[in-house]
Every structure is written in C-alpha cells, then in structure tokens.
Amino acid sequence: MKKLISIFVVVIMVFSLAACGGGASAPAADRQLKVGFAQIGSESDWRVGSTNSIRQACEEAGYELLFVDANQQQNLQVQALRDFITQGVDYIGFSPVVETGWDQVMKEIKDAGIPVIMLDRNIDMPNRDDFYESWIGANFVHEGERAATWLIEYLEHIGRADENINIVELQGTVGSSPAIDRKTGFENIINSKSNFTISQSQTGDFTTELGKEVMESFLTRAQADGVKIDVLFAHNDGMALGAIQAIREAGLKPGDDIIVIGIDAVKLAFEAIVAGDQNVTIECSPLLGPQFVESIQALERGETLPKIIYSNYDDYDETLYAVFPDKYLKASDYVDSRVY
Ligand code: AHR
C-alpha cells in the first residue's frame, strides 16, 4: 500500500536550538508554553478538522494556545502574527492563505527570535527555509497527480480510455499552494493524453457555495457551446459537493453523467461516494496537530527538525479499490469512522 512518505528529510539531526533562532525567554520546562496559531479560516470541513486537531493536541500538551481564525484574509493573518510577537509567544504555527506577501512579517518574527512551524500550506519568499523550522503537510503536486492517474485508470476500467474527455476544473483559492500545486500535478499527468481537454477552469475558493455557483456557470456555458462535460476535477471535496448539487439541478446524474473527483477525503465525500454521486476522493489529512506538538517538543529538546515533514494518506473509491488494492481503499469501509 502506498502509505509511504512519512518523513522526508531535507535537514535532519540534533543541534542546539540556538542555531535555529529559538526564542523562549526562560527554560520551557519551568513554565507553560505559549503558542500562537494563525489559521486560514473555516472555509471547509477539512479546515475545521485541522483546527480541531491543533486545538486538541495543544490542549493535551498543556500549552496556552492563542488561536486566530483569519477568515481567509491575508491582512488578518499578518495582523495575528504581529500580535503574537507583541504577546510574547514561544512558538508560532502558521497556515498561510496564499504563498506570497509574507516577507516583511516573517522578518519581524525572525528578528523577535520566535521559532515558526508551518502547517499545511507554504510560503514563497527568498531564502524561505531561513524563516521557519519546519513545514508539515501534504504533497499537493502528488495529490493532483494521483487524481489524474485515478481518472486514467477509471476510464480504462469502464472502457472509455480512447474517448475524447472534456474536463472542467474547480480550483482552490487563487495564489494558494494547494491550488497551484494540485493544478500542476493534474496537468503533469493528463498532458500526456491527447484526448483529454480542460475546457473550463475557475476558482471556487475551496467553498461549497462557490463550487456550486461556478459549476452552474460551467454547465451553462457547456450547454451554450453544445458540448458535454465528462469530468469534474475539484481541488477539494467541499467544492465537489457544491458542484454535485449543481449537476443534479441541471437534470444530470453526478458520478455517472459527469465523473466527479475531489480531494481531502472528508466524511461528506465518503457519503457522496457511497451514494454514487462522487467517484473518488484523494486524501489530504488535516490531522496535523500531533505532529505540530511533536515538533515543538523536539525543538524544546534542542533538536533541529526536518525542513519538510509529509503527512500520510490513502485514496478512496467504490470501484478501483477492487482492481488496485494496493492503491485505493473501499470508501464504504471508512465512511462511519471518518471524524471530519
Ligand atoms: O490547504 C488545504 C486545503 O485547504 C484543503 O484541501 C481545503 O479543503 C482547505 O480549504
């Protein structure tokens, strides 16, 4: 099974925390650690799962957690980070809504000597590795590649491998690492297929509401152009679920007339797969709280962290699991146990 990629080590091993800018003002063993976390928002069930995981892990570790939900707004995240400096936190956790625009505030945090652990999404700035201890999350390019690979295998399985395939794409938040990387990964694979076309591609900002709205516009335009949509590739399950409503309201059968691919593996997607409305979900685990706390504990012990720590995953459907048992799991076996 492809559980693989637990820990990808770019820099390992044990050095003094002083070498990575540790900023605790008194020996941590003597007092409760104060941790600031700047969360993106509550845009999806995935994000809610992420927040719960961080809160629970910090509570179990006995940390004082200063948690800010930035409502998907970069300026609110920047403000939260500056407030954490003022509040004298020992560590900062941070999931950046978009990749760019963090240079100044990251420099301010570094100047304040506060170690940063990035969760889920990443930043894009010169020498970014100098500004955080570790990044923990999923390989988003790989997720896009897995989604496209599943599609190719599925079309072969149902005898449509040689047909012209018209794909529409619901992208995540513009400028965010999962939107950029999932698109790249998907295209990496389908570019080798001359019978595949992405005819429409637009952001749904990772929300169910916009996913529905944008899918309605995709369907309207396809109808006006006299073309059939064969596949929806949604960058998350939330948007896929909104699109499923739009497909049904247009008089079509989601999962059948239009193949629906989502990413995240949230409970509602499992239910949609079991109901036959969605065809596959590519897992991206939001349960990063324990790894976040373990990273803080390692820094407290004076260790240097790997710069990249990838989370585990599995992908779920109701068809190919039987053909490729090493690659896919049967969704209906997991629907009841999914907690987010
Ligand atoms: O950054 C991870 C993405 O953010 C998830 O796929 C999506 O659901 C969330 O909003």
Side-chain angles (χ1 to χ4, degrees), residues 37-54 69-74 76-77 93-100 102 117-124 135-148 150 169-186 203-212 214-215 232-244 260-273 278 280-289 291-292 308-316 338-340:
F37 197 93
Q39 179 62 290
I40 291 171
S42 326
E43 74 280 4
S44 61
D45 287 358
W46 189 99
R47 187 64 54 196
V48 174
S50 159
T51 291
N52 291 342
S53 174
I54 293 159
D69 174 331
N71 197 26
Q72 296 236 72
Q73 294 176 50
Q74 184 172 30
L76 295 184
Q77 276 198 301
F94 175 35
S95 295
V97 60
V98 291
E99 289 192 340
T100 57
W102 307 101
I117 297 166
M118 310 290 301
L119 239 61
D120 163 36
R121 300 185 188 176
N122 213 333
I123 54 172
D124 182 9
W135 170 87
I136 305 167
N139 184 332
F140 298 130
V141 173
H142 193 222
E143 289 172 350
E145 291 173 345
R146 276 150 49 207
W150 178 90
E169 178 182 33
L170 277 167
Q171 296 183 41
T173 300
V174 175
S176 70
S177 35
I180 295 166
D181 291 351
R182 287 169 183 169
K183 182 171 185 55
T184 300
F186 193 78
T203 182
D205 207 19
F206 282 129
T207 70
T208 299
E209 296 69 27
L210 262 186
K212 178 168 190 273
V214 176
M215 188 69 203
L232 164 68
F233 169 46
H235 288 195
N236 81 345
D237 287 332
M239 294 188 294
L241 292 164
I244 285 169
V260 177
I261 301 171
I263 294 180
D264 277 354
V266 297
K267 191 178 185 74
L268 289 178
F270 280 82
E271 290 173 1
I273 293 172
Q278 182 167 329
V280 65
T281 184
I282 303 297
E283 186 170 51
C284 172
S285 177
L287 305 180
L288 305 178
Q291 285 167 294
F292 178 57
I308 300 175
I309 302 176
Y310 282 131
S311 48
N312 293 332
Y313 64 85
D314 281 300
D315 301 331
Y316 302 84
R338 183 86 354 180
V339 292
Y340 53 89

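Every number for a ligand or one of its atoms is a count from 1 in the order of the listing.
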Value for CD1 (Ile261) from CG (Leu170), rounded to nearest 0.5 Å, stands at 12.0 Å
Under the side-chain contact (heavy atoms from CB on, under 4.5 Å) test, which residues partner Glu271, sequence neighbours left out?
-> Lys267, Leu268, Val335
Polar side chain donor-acceptor pair, Glu169 to His235, under 3.5 angstrom | yes
Contacts of type side-chain hydrogen bond (donor to acceptor under 3.5 Å, both in side chains), residue Arg121, not counting sequence neighbours | none
Quick one: is the NZ or CZ of Arg146 closer than 6.0 Å to the six-membered ring centre of Tyr313, and within 45° of its axis?
-> yes
Quick one: ring-ring contact (aromatic ring centres under 6.0 Å, His included) partners of Phe140, sequence neighbours excluded?
-> none
Are any protein N/O atoms closer than 3.5 Å to the N/O atoms of ligand 1? If there are, list each pair with names and the distance to one decimal place.
{"from": "ligand 1", "atom 1": "1 (O)", "to": "Arg47", "atom 2": "NH2", "distance (Å)": "3.3"}
{"from": "ligand 1", "atom 1": "1 (O)", "to": "Asp120", "atom 2": "OD1", "distance (Å)": "2.8"}
{"from": "ligand 1", "atom 1": "1 (O)", "to": "Asp120", "atom 2": "OD2", "distance (Å)": "3.1"}
{"from": "ligand 1", "atom 1": "1 (O)", "to": "Arg121", "atom 2": "NE", "distance (Å)": "2.8"}
{"from": "ligand 1", "atom 1": "4 (O)", "to": "Arg47", "atom 2": "NH2", "distance (Å)": "2.9"}
{"from": "ligand 1", "atom 1": "4 (O)", "to": "Arg121", "atom 2": "NH2", "distance (Å)": "2.9"}
{"from": "ligand 1", "atom 1": "6 (O)", "to": "Arg182", "atom 2": "NH1", "distance (Å)": "2.8"}
{"from": "ligand 1", "atom 1": "6 (O)", "to": "Arg182", "atom 2": "NH2", "distance (Å)": "3.2"}
{"from": "ligand 1", "atom 1": "6 (O)", "to": "Asp264", "atom 2": "OD1", "distance (Å)": "2.6"}
{"from": "ligand 1", "atom 1": "6 (O)", "to": "Asp264", "atom 2": "OD2", "distance (Å)": "3.4"}
{"from": "ligand 1", "atom 1": "8 (O)", "to": "Ser44", "atom 2": "OG", "distance (Å)": "3.2"}
{"from": "ligand 1", "atom 1": "8 (O)", "to": "Asn236", "atom 2": "ND2", "distance (Å)": "2.9"}
{"from": "ligand 1", "atom 1": "8 (O)", "to": "Asp264", "atom 2": "OD2", "distance (Å)": "2.6"}
{"from": "ligand 1", "atom 1": "10 (O)", "to": "Glu43", "atom 2": "OE2", "distance (Å)": "2.4"}
{"from": "ligand 1", "atom 1": "10 (O)", "to": "Ser44", "atom 2": "OG", "distance (Å)": "3.1"}

